[in-house]
Asks: 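Here it is: the structure, laid out below.
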There are 2 protein chains.
Amino acid sequence: MLKKLDPILHSELRLAVMSLLISLTKAEFTYLKEQTNATAGNLSVQITKLEEVGYITVEKGYKGKVPQTICTISKKGIDAFEQYVNDLKEYLKM
Amino acid sequence: MLKKLDPILHSELRLAVMSLLISLTKAEFTYLKEQTNATAGNLSVQITKLEEVGYITVEKGYKGKVPQTICTISKKGIDAFEQYVNDLKEYLKM
DNA sequence: TAAACAAGTTTAAAATATAAACCAAAATAT
DNA sequence: ATATTTTGGTTTATATTTTAAACTTGTTTA
């Protein structure tokens, strides 16, 4: 029987962010925005959701004088991503 | 760069239906309902969407005296499913 | 010092998913 | 015979989610 997919990860933009962070561990907001082609508003909302469930941590600081937001994937986030991949494999017949 | 995922397939219930139909080619409404644990209302709506975009065809008839709805996957549906799987692989790092 | 720009956040609108309520016909119980 | 329940769905109203437009705060440039 097909498992229920994690609704936090089953969202195109949040999955894209997590996919990037799986490889990089951490990335700036602006980099994620470039790579995903998302609007800043949409990205901001989705990053907040990922943070709320503990899949990433978010540090706000400064790079010189300009604000900088850095996102880092957590153990919980890595585990959730892997679980999601496994669950999806059954849907995709892999 | 990550490709945009087909929004028709990037829906848990529609993906589950398509996953079943990829293996079986055709299936009854009641069977799909059992296998997905969906409510009839939700399943009805999602089947209609899959039909509207031409990923499945829907035949309504009778099995003896009781109504029977049979869903059949189309070539377009098979192609779309395969494309979706390929696009997702990049998100999932496969 | 005014205008444009960068890095985000907040909010309101649009789209989507979901289930509750409904319908028609058949089977079952009274 | 006639209520009552069950089966196989559809329609519609609500809840949730996504998305982008509008806004904020501070910075650089003209």
Side-chain angles (χ1 to χ4, degrees), chain A residues 2-21 26-53 55-72 80 84 88 91, chain B residues 2-21 26-53 55-72 80 84 88 91:
Chain A
L2 295 167
K3 293 203 187 89
K4 172 137 181 55
L5 298 174
D6 181 344
I8 293 294
L9 293 182
H10 197 65
S11 146
E12 185 162 4
L13 182 49
R14 286 195 300 269
L15 188 63
V17 168
M18 290 294 285
S19 177
L20 290 163
L21 290 178
K26 59 173 59 186
E28 289 180 30
F29 183 97
T30 52
Y31 177 82
L32 293 173
K33 180 169 177 295
E34 267 172 36
Q35 293 295 310
T36 59
N37 281 319
T39 59
N42 193 5
L43 184 58
S44 178
V45 169
Q46 305 314 328
I47 281 177
T48 298
K49 287 200 186 177
L50 288 171
E51 188 187 21
E52 277 168 1
V53 298
Y55 289 0
I56 66 174
T57 58
V58 178
E59 296 163 88
K60 283 156 208 292
Y62 286 87
K63 181 167 54 175
K65 287 177 177 172
V66 303
Q68 184 189 40
T69 298
I70 295 179
C71 301
T72 306
Y84 177 75
L88 246 190
Y91 286 74
Chain B
L2 295 167
K3 294 204 186 88
K4 172 136 182 55
L5 297 174
D6 181 343
I8 293 294
L9 293 182
H10 197 66
S11 146
E12 186 162 4
L13 182 49
R14 286 195 301 268
L15 188 62
V17 168
M18 291 295 285
S19 177
L20 289 164
L21 290 178
K26 59 173 58 187
E28 290 179 29
F29 183 96
T30 51
Y31 177 81
L32 293 173
K33 180 169 178 295
E34 268 172 36
Q35 292 295 310
T36 59
N37 281 318
T39 59
N42 192 6
L43 184 58
S44 178
V45 169
Q46 305 314 327
I47 281 177
T48 297
K49 287 200 185 178
L50 289 170
E51 188 186 21
E52 277 168 0
V53 298
Y55 290 179
I56 66 174
T57 57
V58 178
E59 296 164 87
K60 282 155 209 294
Y62 285 88
K63 181 168 55 175
K65 289 175 177 174
V66 302
Q68 184 189 40
T69 298
I70 295 179
C71 301
T72 305
Y84 176 76
L88 246 191
Y91 286 75

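As a basis for the values below, the full set of heavy atoms in this structure was taken, side chains included, without hydrogen atoms, waters or symmetry mates. All chains are named by letter (A, B, ...) in the order of the sequence lines, taking the proteins before the strands, and each is independently numbered beginning at 1.
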Asks: Between the main-chain N or O of B/K3 and the side-chain N or O of B/Y91, is there a donor-acceptor pair closer than 3.5 Å?
Replies: yes
Asks: At what distance, to the nearest 0.5 angstrom, does CD of A/E12 lie from CG of B/L88?
Replies: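 If we round to the nearest 0.5 Å, A/E12:CD and B/L88:CG are 9.0 Å apart.
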Asks: Given that B/Y62 and B/I8 both sit by DNA chain C, which one's nearest nucleotide is further toward the 5' end?
Replies: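 The residue closer to the strand's 5' end, by nearest nucleotide, is B/I8.
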Asks: Drop me the distance from A/L5's CG to B/L15's CG, to the nearest 0.5 angstrom.
Replies: 7.5 Å
Asks: Between A/L43 (CG) and C/dA7 (P), how many Å, whole number?
Replies: 13 Å
Asks: Rounding to an integer number of Å, can you tell me how far B/E34 CD sits from D/dG9 C1'?
Replies: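 One finds 15 Å between C1' of D/dG9 and CD of B/E34, rounded.
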Asks: Of the options C/dA17, C/dG8, D/dA20, whose atoms approach the side-chain atoms of B/Q46 most closely?
Replies: C/dA17
Asks: Which value, rounded to the nearest 0.5 Å, describes the distance between B/E28 atom CD and B/K63 atom NZ?
Replies: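 NZ of B/K63 is found 4.0 Å from CD of B/E28.
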Asks: When rounded to the nearest 0.5 angstrom, what distance separates SG in A/C71 from CG in A/L43?
Replies: 7.0 Å
Asks: Do any N or O atoms of the protein come closer than 3.5 Å to N or O atoms of nucleotides 9-16 of chain C, and which pairs are they?
Replies:
unit_1, atom_1, unit_2, atom_2, d
C/dT9, OP1, A/K60, NZ, 2.3
C/dT9, OP2, A/S44, OG, 2.6

Asks: What is the distance from CD of B/E59 to P of D/dG9, rounded to the nearest Å?
Replies: 13 Å
Asks: Applying the side chain to side chain contact (heavy atoms under 4.5 Å, CB included) criterion to A/R14, which one of A/I47, A/L9, A/I8, A/V53 satisfies it?
Replies: A/I8
Asks: Scan B/E12 against the nucleic acid and name what it touches under 4.0 Å (heavy atoms): base, sugar-phosphate only, or nothing.
Replies: nothing
Asks: Within this structure, what is the CE-CD1 distance for the pair A/M18 and A/I56, rounded to the nearest 0.5 Å?
Replies: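 These two atoms lie 7.5 Å from each other.
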Asks: Roughly, in whole Å, what's the span from CD in B/E52 to C1' in D/dT10?
Replies: 13 Å
Asks: Starting at OH of B/Y31 and ending at C1' of D/dG8, how long is that distance when rounded to a whole Å?
Replies: 18 Å
Asks: Is a donor on one side and an acceptor on the other found under 3.5 Å between the side chain of B/S44 and the backbone of B/A40?
Replies: no
Asks: Just how far, in rounded Å, is C1' of D/dT17 from CG of A/L50?
Replies: 14 Å
Asks: Over how many whole Å does the gap from A/E51 atom CD to C/dG8 atom P extend?
Replies: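 These atoms are roughly 13 Å apart.
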Asks: In degrees, rounded to 10°, what is the bend between the two ends of the helix from C/dT1-D/dA30 to C/dT30-D/dA1, using five pairs at each?
Replies: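 One end's axis against the other's: 20°.
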Asks: Within this structure, what is the CG-CG distance for the pair B/N37 and B/L13, rounded to the nearest 0.5 Å?
Replies: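 Going from CG on B/N37 over to CG on B/L13, the span is 10.5 Å.
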Asks: Which is more 5' along DNA chain D, the nucleotide nearest A/H10 or the one nearest A/K65? Just name the residue.
Replies: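 In this pair, the answer is A/H10.
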Asks: Distance check needed: C/dT18 C1' versus A/K4 NZ, whole Å only.
Replies: 11 Å
